[in-house]
Amino acid sequence: MPAELIEERPPADAPPPVRPRRTRVRELPEVRWAALATAAFLPAFPLDLAGAPAWLWGPLYAICYAAGGWEPGLAGLRALRERTLDVDLLMVLAAIGAAAIGQFLDGALLIVIFAVSGALEAFATRRTADSVRGLLDLAPETAARITPGGAEERVDVSALRVGDTVLVRPGERLPADGTVREGMSDVQQAGITGEPLPVDKGPGDEVFAGTLNGTGALRVTVDRDASASVIARIVAMVEEASERKAPGQLFIERIEQRYAIGVVAATLALFAVPLAFGADLTETLLRAMTFMIVASPCAVVLATMPPLLSAIATCGRHGVLVKSAAAMERLGAVTRVALDKTGTLTEESARVGGIRVLPGSGLTEDEALALAAAAERPSEHPLARAVVTAARERGLRLEPAADFASAPGRGVRAVVTGHTVQVGSPTALLGGAAAPPERPATCRDGSVRRAITSRCPVRAAVAEVEDSGATAVAVLVDGRPVAVLAIAAPLRAGAAEAVAALGRLTGTPPVLLTGDNKRAAARLGEEVGITDVRAGLLPQDKVATVRGWEDAGERMLMVGDGVNDAPALAAAHSGVAMGRAGSALTVEAADAVVVRDELAAVPAVVTLSRRARRLVAQNLVIACVCIGALVVWDLLGHLPLPLGVAGHEGSTVLVGLNGLRLLRSSAWPGAARAGRRDAGS
């Protein structure tokens, strides 16, 4: 490592570390208007009770009414123009009605409590958004870019392009997602991956924008534009999720209008019918307005979204992107889990463990590998990257490839130095030559396979590779088999524990769906504890398997990473993509994306979803019980207007705060622990 990397220090004009933004109470307009309404009410209240002249407390009540009621009143009028009835408008009308019959104190108290509860809801909701959007503030605004001549220039992060090299000094935050080119350091990346301890980084390691560099200096090659960084993806997807509503919320909104109209009709009846029988005007109006307040479904409307959005925000802080409230709700309802093999249960960084050149091919190992790597270079599949990496590690020159084509589950085809090169599944490319030995088949040279495969060397090479537990990849040149590559990927850390946790959560053992050969798949299944292994599947086979379970009444969770997994993820009740190496199509098809590629996050997300669903149920019970009790009290007894207001708004605030419990820092670790031990909550 060059000495200057250790000796460099931040220049005097280097930007200071950026702290995550956090909304202050006074920044919210709802809080400021509520404070003004309360400030006007507090002196007016004792003056009114003491019998002071109206000119002393009247203007203060007027300020209270205006400050606390103008915003919900205006919003309600706009809703009326669109032929919808906003429940907030009912509160304002009740306050105005109280003032119209001389009950200024009751109306002002309603306005104050209503404004304060609205301010608390706004603050809690903003904190949910801050917990995610604050990630953007972690990324610095400028970066030290290294020019081709070796000089250093400070540029805006938005000016960085893929392939640029940036210098990150000790104590600075990384400006972009990239790969370490030179240097060694420890990087604190808890804000992105959730790892509590700094992670050692060296040449070849991936780093993320916004993470904090430790004691060493790093030269990093930029891999993604700022708009495509992990931080930007988390923010964009979580904000999108906040706008997409869960089925429960949509149902509540569908009945809200009818319910609100019913409340207005009942209120008018409670006012008109007693008056027709000679009841007192003031008492009747107060009872009717109290009914309208306590029967309003504010708490019911607020019951669904806060728990789900809180769970989404917590997942986002720990590197799991859940795309919508509907997706979060679906994750907790799954009853069976299907997992892909390569890139999901195993690391995406598969490696070429051996090259078996076939007799008569006329190629050396290096020549066969160079042809395969040249054809695979445009592909994004993990096995393709393994082939290309092996060729580069040997220092082989890769010729340009033309007419590249990729078929998910089969392999790739390209023209290299005038020859058609095919690389992919032996079953798909070789047909009978790669069939199981118990079923007769014919090799490409026309010979009949015997128990001894000496006359069919490609079959022998494939069998040898698969018996070792590796994945066999066939290489064909102009339609003739020339080599078989042995590719293996290490098992992901904690894969067996994650599989066991998913089995306990759903009550059914997970299943393995893979396009790999049966022997390699069975060997991996034994390692992670999966007994139901479906191997040799093409994308349409995975879809058919998932749909078969769905038709049988199961709610499937599909976990995968490759292009061939995307159709199954879309067909399943819910899908989770391993995002770090996952294809763009897979990430798009999934309901949730595990950015850090940690399989243990999947059971944690399922557990968090189930907790959010339980909070929704709790909120609905709280809201319905409070509304029912207050309505019965008002109809059968005498419920004072201030007490009705306090009960109604108190239940609304209680429901909102209960829904935000999943924002606590302990929510994710608790879900992870519960996912490991829960037998199916």
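- Shown here for Ser185 and Gly214, the closest heavy-atom pair between the two residues is OG-N, 3.4 Å.
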Might you work through the side chain to side chain contact (heavy atoms under 4.5 Å, CB included) test for Val546 and Leu513, ending with a clear yes or no?
-> CA-CA 9 Å; Val546 169; Leu513 304 182; 4.1 Å; yes
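- Counting only heavy atoms from C-beta outward, the side chains of Met328 and Cys315 approach each other to under 4.5 Å.
- Residue Gly332 comes nearest to Arg610 through the heavy atom pair O-NE, 3.1 Å, listed as atom of the first residue, atom of the second, then distance.
- Residues Glu71 and Glu30 are in side-chain contact: their nearest non-hydrogen atoms beyond the backbone lie under 4.5 Å apart.
- You'll find the side chain of Arg161 stays beyond 4.5 Å of the side chain of Val222, heavy atoms only.
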Check the pair Val220 / Leu174 against side chain to side chain contact (heavy atoms under 4.5 Å, CB included), numbers first and verdict last.
-> CA-CA 9 Å; Val220 177; Leu174 279 86; 4.2 Å; yes
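- Between Leu369 and Val475 there is no side-chain heavy-atom pair separated by less than 4.5 Å.
- The 12-atom threshold is exceeded at CZ of Arg145, counting heavy atoms of other residues, nucleotides or ligands nearer than 6.0 Å.
- None of Ile487, Ile355, Val352 except one satisfies the side-chain contact (heavy atoms from CB on, under 4.5 Å) rule with Val473; the exception is Ile487.
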Begin with the C-alpha distance, continue with both residues' side-chain angles, and end with the deciding distance and a verdict on side chain to side chain donor-acceptor pair (under 3.5 Å) for Thr165 and Arg181.
-> CA-CA 8 Å; Thr165 299; Arg181 179 177 171 183; 2.9 Å; yes
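- With a 4.5 Å cut-off on side-chain heavy atoms, Arg173 and Thr211 do not count as touching.
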Pair Arg351-Glu393, salt bridge (Lys or Arg N to Asp or Glu O under 4.0 Å): steps then yes or no | CA-CA 11 Å; Arg351 300 187 64 83; Glu393 288 176 349; 2.9 Å; yes
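- Of all the heavy atoms in Pro175 and Val157, the pair that sits closest is O-CG1, 3.3 Å.
- Leu345 is listed as a side-chain neighbour of Val499, based on a closest heavy-atom distance under 4.5 Å.
- Applying side-chain contact (heavy atoms from CB on, under 4.5 Å) to Leu557 and the options Leu569, Leu505, Val605, Val602 leaves one that passes, Val602.
- Counting heavy atoms from C-beta on, the side chains of Lys341 and Leu512 come closer than 4.5 Å.
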Please report the C-alpha distance between Asp366 and Arg394 in whole Å, then the side-chain angles of each, then the deciding distance to 0.1 Å, and finally whether the salt bridge (Lys or Arg N to Asp or Glu O under 4.0 Å) criterion is met.
-> CA-CA 8 Å; Asp366 284 354; Arg394 294 193 180 200; 2.7 Å; yes
Decide yes or no on side chain to side chain contact (heavy atoms under 4.5 Å, CB included) for Asp205 and Thr179, but give the supporting numbers first.
-> CA-CA 6 Å; Asp205 290 335; Thr179 303; over 6 Å; no
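- Scanning all heavy atoms of the two residues, the minimum distance from Thr314 to Ala667 falls at CG2-CB, 4.3 Å.
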Take Asp156 and Thr142, measure what side chain to side chain donor-acceptor pair (under 3.5 Å) needs, and give me the verdict at the end.
-> CA-CA 4 Å; Asp156 289 340; Thr142 62; over 6 Å; no
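- In this structure, Trp668 and Val320 have side chains that are in contact, with non-hydrogen atoms separated by less than 4.5 Å.
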Can Arg219 and Ile146 be said to form a side chain to side chain contact (heavy atoms under 4.5 Å, CB included), step by step?
-> CA-CA 9 Å; Arg219 291 181 187 263; Ile146 306 300; 3.4 Å; yes
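- Nearest heavy-atom pair, Val155 versus Ala159, reported as atom, atom and distance to 0.1 Å: CB-CB, 4.4 Å.
- A pairwise comparison of heavy atoms in Ala375 and Val421 identifies CB-CG1, 3.9 Å as the closest pair.
- To the nearest 0.5 Å, atom CG of residue Leu339 and atom CG of residue Leu502 are 6.5 Å apart.
- Under the 3.5 Å distance criterion, the side-chain polar atoms of Asp223 are left unmatched by any main-chain donor or acceptor of Asp177.
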